[in-house]
2 protein chains.
Amino acid sequence: MNTRPDPVTPLTMRDVAERLGVSTMTVSRALRGQRGIGEATRQRVLAEVAALGYRPNKLARGLRTGGPSELIGLVVTNLANPFYSQLAVGVEEVCVRYGARVMLGSTSEDPDVERDVVTDLLERGVDGLVVVPASHDHSHLGAERLRDTPVVLAASPPMDIDVDCVLVDDFGGTRAACRRLIERGHRRIGFLGLPPSLWTGSERFRGYALALEEAGIAVDERYVSRHRGDSTLAREAARAMLALPDHPTALLTANNRNTVGALLALRDRPDDGEPVALAGFDDIELADMLHLPLTVVSYDAAEVGRAAASLLFERQRSTAPLHPRRVTIATTLIDHPVPR
Amino acid sequence: MNTRPDPVTPLTMRDVAERLGVSTMTVSRALRGQRGIGEATRQRVLAEVAALGYRPNKLARGLRTGGPSELIGLVVTNLANPFYSQLAVGVEEVCVRYGARVMLGSTSEDPDVERDVVTDLLERGVDGLVVVPASHDHSHLGAERLRDTPVVLAASPPMDIDVDCVLVDDFGGTRAACRRLIERGHRRIGFLGLPPSLWTGSERFRGYALALEEAGIAVDERYVSRHRGDSTLAREAARAMLALPDHPTALLTANNRNTVGALLALRDRPDDGEPVALAGFDDIELADMLHLPLTVVSYDAAEVGRAAASLLFERQRSTAPLHPRRVTIATTLIDHPVPR
DNA sequence: CGCCTGTACGTTACCGATAACTTACCAGCT
DNA sequence: AGCTGGTAAGTTATCGGTAACGTACAGGCG
């Protein structure tokens, strides 16, 4: 009598009900703490449930109630990038607070994959999506494809669709960093950046350009390099810039990889010249251990995720249609000193 | 006639069927490319499906077929840690290959949270679980709680339960690093490690101890510090060790944070003495940019995830009960030179 | 005693899809 | 015409759970 039912067939509510000689509805009520059931019966049911190790099937529940699946889809380009894993941490944190879980999808920066992933997540009944778009084409996130699943874009504003988004203050952060360099007396500031087709690339360049303009400095094209690529490319660009007779006295880098490239180029440089200052977007681990001072634009990537998830749940809860909203996450300027 | 049905009620297969005046079964067959339907009808159905933007509900499908949910639960302590985000990347990669998705759960290293997360994931019908355990208590992963959902532990061997696991070669990696130091003539090697209660802590110390023994060197307790904590603690420990009159000529660190602590302690040290060599478990970003040579034990964290997911799917596919298996991921020794 | 109210359950239908079975229809053959 | 066989559809039951409704019985009250 102590043997369990066939293990390949998972335990169902009816199994529990039949053992007790009650209806499945009674078990359901007992489990969900609903009223309409006697206390004694409830205890009997809960005891049997515990004894059998029965667990309700949340999928079936959601099917009937038509209620939320308490599932959020998170679509990122590449989880290995610390920015996205931090973002995931933030999304997860808020989801758990609302009793939801995160379903993951990586796109490897491929728009076609992104489309498939989004479709799959929708078919799996997610209540909402947080998407870091792989490209500027957001047509697969339009209303007709999503029905009424809310979406929040992260790190990129929506194009031709009406959805919420969470952005980083790319413009303000870069402007502040550039100002800091200007305050320190630099007039010839080189910029190592991203292609203008990227929102991020365009905004960060704008911050750089405005800070210069505000200081009455003209943008010198010889001091500007905007490329898509890794730190090797950035290193070459920095090296070329520093080889100019009137080379920049400071470099401003638009992201992590450019910063690393610049660091390498600076280190390659003979020590006899004036030191070249460096500031960059994105904080760098162990920046404190480098033997040159580094100013970085830092921000809380997890906060981007938290904000995105919060927008999602707010929209889910509100009955009235909300206008598309845009949240911008602030940046901080950090001066990493040289140790000792 | 072109208006869609009530948008709050998602499109169902019946909606499509009714519009065409066919049965849901016909739609189902058309969508799944089953036989038993005329080519003309199929085209008509597919056209309508496309026009309406109908998407089948995978949950409902799974409910009826009783087949796999094509969902894997991934339970980690903290996604912000690069090791775990890399692991997630690996798990995701393999899952996608098998047409499955990953559902995420973070435990914040809290065993109680871990238990709840596991329960929740099981209720959501995952086909399998990859778990990085938060503690040595694995009782909530035992057969009676899981029924027949396969589990793979990552980075920690199972305790009192029979499940598969994927480990990193903690022992071999540390031993190799220690040997490298010995080869370079070091005899007094300090060890900054983790508490012995952790599998990882114990294994890495064992590697250190054996390498010494093989070289005929006795372990000197004054050169060993095993603590749970951050890099600050490690820094203090390293500083104390280096302050000894016959201080170690090399340090071996058991993980990332200890390595950072050691780096800080080494930098605080006056430059006049002999340089102290450093080797550590876990690779460090920008290690090439530090101005001291660093040897690290590197391994592919994504591979741990890939291996774990593969074990899961293999077990899922095999009908015969498999014995618990154990996979160990190899490590590599990398010498990071000082730049230039 | 009849009537009403409230509680504690059981019954039924249904959520969205599919497996298994059944029916309708047509061509080809004797 | 009558039979057979094959294909293209429709019908029904079902997955595991829940909402809505029905029912039985207790107690209160005039």
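To find a chain, count down the sequence lines: A is the first, B the second, and so on, and within it residues start at 1.
Using modelled atom types and a 3.5 Å distance limit, the side chains of B:R32 and B:S28 yield a donor-acceptor pair.
Distance CD1 (B:I37) to C1' (D:dG6): 17 Å, rounded to an integer number of Å. Rounded to whole Å, the distance from CG on A:D15 to P on D:dG17 is 9 Å. The distance from atom CE of A:M13 to atom C1' of D:dC15 is 14 Å, rounded to the nearest whole Å. Separating the CD atom of B:E123 from the P atom of D:dG16 is a distance of 15 Å, rounded to the nearest angstrom. Taking atom CG on B:L11 and atom C1' on C:dG16, their separation rounds to 12 Å, with Å as the unit. Note: CZ (A:R61) to P (D:dA19) measures 9 Å, nearest angstrom. For B:E18 and D:dG10, the CD to P distance is 12 Å, given to the nearest whole Å.
Using a 4.0 Å heavy-atom distance criterion, A:G36 is classed as a base contact. Heavy atoms of A:E39 sit nowhere under 4.0 angstrom from any nucleic acid atom. Counting non-hydrogen atoms under 4.0 angstrom, B:Q34 reaches the backbone sugars and phosphates but no base.
A 4.5 Å side-chain heavy-atom check between A:H138 and A:L153 finds at least one atom pair inside the cut-off. Contact of the B:V131 side chain with the B:V152 side chain is not registered, since no non-hydrogen atoms from C-beta on lie closer than 4.5 Å. Within the 4.5 Å cutoff, side-chain heavy atoms of B:L46 are placed close to those of B:L31. Annotation: side chain of A:T328 is not in contact with side chain of A:V166 (no heavy-atom distance under 4.5 Å).
Direction of the helix axis in the helix from C:dC1-D:dG30 to C:dT30-D:dA1 shifts by 70° between the two five-pair termini, rounded to 10°.
Within 6.0 Å of CZ on A:R325 lie more than 12 heavy atoms contributed by other residues, nucleotides or ligands. The local environment of CZ in A:R35 is sparse, with at most 12 non-hydrogen atoms from other residues, nucleotides or ligands closer than 6.0 Å.
At D:dG17, one or more side-chain N or O atoms of A:Y54 fall inside 4.0 Å of OP1 or OP2 (strictly under the cut-off). OP1 or OP2 of C:dT18 lies within a sub-4.0 Å distance of a side-chain N or O belonging to B:S28. Remark: B:T41 is not in phosphate contact with D:dA8, judged by side-chain N or O atoms under 4.0 Å from OP1 or OP2. Taking only side-chain nitrogens and oxygens, A:R124 never comes nearer than 4.0 Å to OP1 or OP2 of C:dG16.
In this structure, the separation between CG on B:D116 and OG1 on B:T107 is 11.0 Å, given to the nearest 0.5 Å. Of the inter-residue distances, the one linking B:L79 atom CG with A:E93 atom CD reads 12.0 Å to the nearest 0.5 angstrom.
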> What does nucleotides 10-15 of chain C look like as a protein-contact string, B for base, S for sugar-phosphate only, - for none, at under 4.0 angstrom between heavy atoms?
Replying inline: BB-BBB
